[in-house]
2 protein chains.
Amino acid sequence: MLTVPEAQRRLLPEMNPLLQSRYRILQSVQLMQPIGRRTLAESLKMTEREIRKVTDILREQGLLDSQKSGMVCTSDGELVIEQLRALVYEWSGLTQLGKALEQQLGLQHVLVVPGDYNDDETVLTLLGKEAAQQFLLTIANEQVVAVTGGKSVASLAQFLQPVDHQQNITFVAARGGIGHEMHMQANTLVATFAMQMDAQHRTLFLPEHLSEQAYQAMLTEPMVTEIMAYYDRADCVIHGIGSAEEMAIRRNTSAEDLRILEEKGAVSEAFGYYFNAEGQIVHRIRTIGIQLEQVEKCKHIIAVAAGKQKVNAMLSYFKVAPKQTIFITDEAAAKAIAERLL
Amino acid sequence: MLTVPEAQRRLLPEMNPLLQSRYRILQSVQLMQPIGRRTLAESLKMTEREIRKVTDILREQGLLDSQKSGMVCTSDGELVIEQLRALVYEWSGLTQLGKALEQQLGLQHVLVVPGDYNDDETVLTLLGKEAAQQFLLTIANEQVVAVTGGKSVASLAQFLQPVDHQQNITFVAARGGIGHEMHMQANTLVATFAMQMDAQHRTLFLPEHLSEQAYQAMLTEPMVTEIMAYYDRADCVIHGIGSAEEMAIRRNTSAEDLRILEEKGAVSEAFGYYFNAEGQIVHRIRTIGIQLEQVEKCKHIIAVAAGKQKVNAMLSYFKVAPKQTIFITDEAAAKAIAERLL
DNA sequence: TGTAGTGGGATAAAAAACGACCCACTAGTG
DNA sequence: CACTAGTGGGTCGTTTTTTATCCCACTACA
């Protein structure tokens, strides 16, 4: 059977790339507004002329407005973006790509967002938007949401908003502090998430990794036991996927331990576990933080990760990832994964 | 609310004329196949280059095939035409135009076909296609269908085909012979229609217009009374609309009578009646043929007429036309009518 | 008050589209 | 059987459009 959009595509084949590019530009304007031609061109890795041509048309169509401070998306423009999202994703094959990964990775749902994180940092914004949307769809009353750190997870923040009838949502930092960058830490994120959604939050102001002695001592601390209780009650987890190397460096792992990890073939890291390419646990840090067994009991798990350089880590982690995981990633990574699996 | 196609049109405004032109060309190929570039260009009043550009694309898309004898429409192409008809008509405003005329003329249904009959004779084919489709939707068993002559009515012929479960359809010539052109005469048409649909037909081999004496004599002829009985039983009428002048000339009306008609302000002609601009009967020929009162009793009436030069006649006739009339015309005429009524 | 970033304008160079042919071929006709 | 009108494909200057890269006046903001 031939659907109307398919028929349209047959009659106007050149419409497809045009649609994709215009949609991408309009979407980028919406996400980065107010923004100028040149900045936008650089961000999307396009020439200024190309941007200009499209924005001129979009402006003429009233989807875009040019102010002194830059271009902004009109309400009409936002409506168009919303209406065409499904079509654009479908036509660019992202829907199919997601479905394929869903099957091959054995996950509940895989969402692929257009673009390449390595080329264009703004895909992170898109990633966050989709992930936030997914998350907002799942939450209910009295839920406990565990949140890890990382850029990908942080990208959700700006798209979180209070939901009707939500009550007593609590965001809990899923692990202690890592490194020194505050912006991406679990603690900071739960605070922002909670603020955005008008909800509660619990932080864990402790270094993630402790000596055996300190660890045992901490286990009886009320502050710690309270958090651990939350981990047992967690309904939802939002987490990123780290490459083993990257995480080890962020954790200030000693050169010797790094060598050991490498020897053992550690590829990915999640919740304090290091996995090799086959998905086997090759190392485990005695962390204060949510444990894999606790994650597995959660009803909803949202994994967010982008970038081709993380493909190995993703493949490794998804060998053990709980089936109820919803995975949101970018086009470049998704394609790389698909290639590797075929 | 913004529909998806509307959003598409906002994002890709140049798609609209492109879609229209490609659809028109593909449709023309289907109707005139096999046909060459040059003939097609002449018929559509376009340059050869333009046709070539589009057909190259269509061929690449597999909607068109180039054979030695010309271009033909593939089955995919026909599917595309079918799927996009509603969209194209909607976007070119033909649907709305038809609806507007429906209201203003007080008819059951008005169908507007794209193009201008004066520029491009092939719109007649389209006209016939739509009219035939409408007709085929209405017919049931045991029906008597009265048919007049004329180019417009003749255009239905090639699109008539046997319908499932049809039984005992009878086509009856609605009037006697006029002039000498056999192809467009009611008698010829009923025969072709019947052949195409595998149905019965009754012809009326008599001059339409007779002297009073001959007329009275004929009324008792079995051949004539049989036909007249059919007229009383008619369920459906398919007819054209003539301008008074044109019809008078075809009827070989004497110069004197012509002058009289003109004096009386006769504008249109149908079923032997001449109407002035206000729709009043200004003259009536004692014809052997279906009478206006008999037409009014029919369940279905299909009126087919195209061309700007007939607008006056159409406006005049539709002042008295039965409300159950379905009217099929071309874009140019429809627009002219709409202008005159506003 | 300075600076970085904005939209709009201009212009020469490059590319694509166009128009107007020709060509070899063939289907249908007389 | 020859002929002619019509076919799709090819070619090549010319014209039109698109592209790239500046510059400019302005403004928001620090």
Side-chain angles (χ1 to χ4, degrees), chain A residues 11-22 24-74 76-77 120-122 125, chain B residues 11-22 24-77 120-122 125 158:
Chain A
L11 205 57
L12 301 165
E14 70 274 42
M15 169 180 73
N16 215 25
L18 258 185
L19 181 68
Q20 304 288 342
S21 101
R22 288 195 192 167
R24 183 149 168 253
I25 290 173
L26 183 57
Q27 197 177 42
S28 297
V29 169
Q30 185 195 22
L31 294 175
M32 304 166 76
Q33 61 188 314
I35 192 177
R37 279 199 313 254
R38 286 167 276 266
T39 319
L40 191 58
E42 196 181 358
S43 154
L44 294 178
K45 294 274 193 303
M46 294 183 178
T47 67
E48 183 191 337
R49 205 61 191 75
E50 197 171 353
I51 297 284
R52 187 171 193 166
K53 185 178 154 196
V54 173
T55 53
D56 280 351
I57 296 171
L58 295 180
R59 188 175 312 112
E60 204 174 332
Q61 290 295 311
L63 307 178
L64 212 60
D65 195 22
S66 280
Q67 302 177 349
K68 289 295 175 186
S69 54
M71 298 179 287
V72 292
C73 188
T74 66
D76 273 21
D120 173 10
E121 293 237 332
T122 60
T125 327
Chain B
L11 206 56
L12 302 164
E14 71 273 42
M15 169 180 75
N16 213 24
L18 258 185
L19 181 69
Q20 303 288 342
S21 100
R22 288 198 193 164
R24 183 150 167 251
I25 289 174
L26 183 58
Q27 196 177 42
S28 298
V29 169
Q30 185 195 24
L31 293 175
M32 304 166 75
Q33 63 187 314
I35 192 177
R37 280 198 311 256
R38 286 166 278 266
T39 320
L40 192 58
E42 196 181 0
S43 154
L44 293 179
K45 295 273 191 301
M46 295 182 178
T47 68
E48 184 191 336
R49 207 66 185 75
E50 197 170 356
I51 297 282
R52 189 170 193 169
K53 184 180 154 196
V54 174
T55 52
D56 280 352
I57 296 171
L58 296 180
R59 188 175 313 111
E60 204 173 332
Q61 289 295 312
L63 307 178
L64 213 60
D65 195 22
S66 281
Q67 302 176 349
K68 290 293 177 188
S69 55
M71 298 179 287
V72 292
C73 188
T74 66
S75 58
D76 272 22
D120 173 8
E121 294 238 332
T122 60
T125 327
Q158 63 175 299

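In what follows, chains are A, B, ... by sequence order, proteins preceding strands, each numbered from 1. What you see is a predicted model; the values in this text were computed from it and never measured.
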Check: Just how large is the angle between the end axes of the helix from dT1(C)-dA30(D) to dG30(C)-dC1(D), five pairs per end, to 10 degrees?
Finding: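 It works out to 30° between the end axes.
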Notebook entry, point to check: For E50(A), does its backbone N or O pair with a side-chain atom of T47(A) as donor and acceptor, under 3.5 Å?
Noted result: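 Side chain of T47(A) to backbone of E50(A): a pair is present.
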Next item on the list: Please assess L11(B) against L58(A) for the test side-chain contact (heavy atoms from CB on, under 4.5 Å), listing each intermediate value before the final yes or no.
Entry: CA-CA 7 Å; L11(B) 206 56; L58(A) 295 180; 3.6 Å; yes
Rounded to whole angstroms, how far apart are [atom1] on [X] and [atom2] on [N]?
X      : N       : atom1 : atom2 : result
I51(B) : dG6(D)  : CD1   : C1'   : 16 Å
E14(B) : dT17(D) : CD    : C1'   : 14 Å
I57(B) : dA17(C) : CD1   : C1'   : 12 Å
E50(A) : dA15(C) : CD    : P     : 15 Å

Next item on the list: Kindly state each residue pair satisfying salt bridge (Lys or Arg N to Asp or Glu O under 4.0 Å) with at least one member in residues 37-48 of chain A, sequence neighbours excluded.
Entry: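 Salt bridge (Lys or Arg N to Asp or Glu O under 4.0 Å) check on residues 37-48 of chain A returns R37(A)-E48(A), R38(A)-E48(A).
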Check: How would you list, by chain and number, every residue that makes a side-chain hydrogen bond (donor to acceptor under 3.5 Å, both in side chains) with R24(A), sequence neighbours excluded?
Finding: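 Residues passing side-chain hydrogen bond (donor to acceptor under 3.5 Å, both in side chains) with R24(A): none at all.
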Next item on the list: Could you check L19(A) against M15(B) for side-chain contact (heavy atoms from CB on, under 4.5 Å), going step by step and ending with a plain yes or no?
Entry: CA-CA 10 Å; L19(A) 181 68; M15(B) 169 180 75; over 6 Å; no
Note to self: Counting primed atoms plus P, OP1 and OP2 as sugar-phosphate and everything else as base, spell out the protein contacts along nucleotides 7-14 of chain C at 4.0 Å heavy-atom distance: B, S or - for each nucleotide, 5' to 3'.
What the structure shows: BBBB----
Item checked: Any residue meeting side-chain contact (heavy atoms from CB on, under 4.5 Å) with S69(A), in chain and number order, not counting sequence neighbours ->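 Per chain and number, S69(A) pairs via side-chain contact (heavy atoms from CB on, under 4.5 Å) with P34(A), Q67(A).
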Next item on the list: Indicate whether OP1 or OP2 belonging to dG19(C) is found under 4.0 Å from a side-chain N or O atom of T47(B).
Entry: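 Yes, such a contact exists.
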Item checked: Distance test, side-chain N/O of K53(A) to OP1/OP2 of dT18(D), below 4.0 Å ->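 For dT18(D), OP1/OP2 do not have a side-chain N/O of K53(A) under 4.0 Å.
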Next item on the list: Determine, step by step, whether V54(A) and M46(A) satisfy the side-chain contact (heavy atoms from CB on, under 4.5 Å) criterion, reporting the C-alpha distance in whole Å, the side-chain angles of both residues, the deciding distance to 0.1 Å, and the verdict.
Entry: CA-CA 11 Å; V54(A) 173; M46(A) 294 183 178; over 6 Å; no
Checklist line | Where at least one partner belongs to residues 52-63 of chain B, residue pairs that pass side chain to side chain donor-acceptor pair (under 3.5 Å), sequence neighbours excluded | finding: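 Qualifying pairs: D56(B)-R59(B), R59(B)-S66(B).
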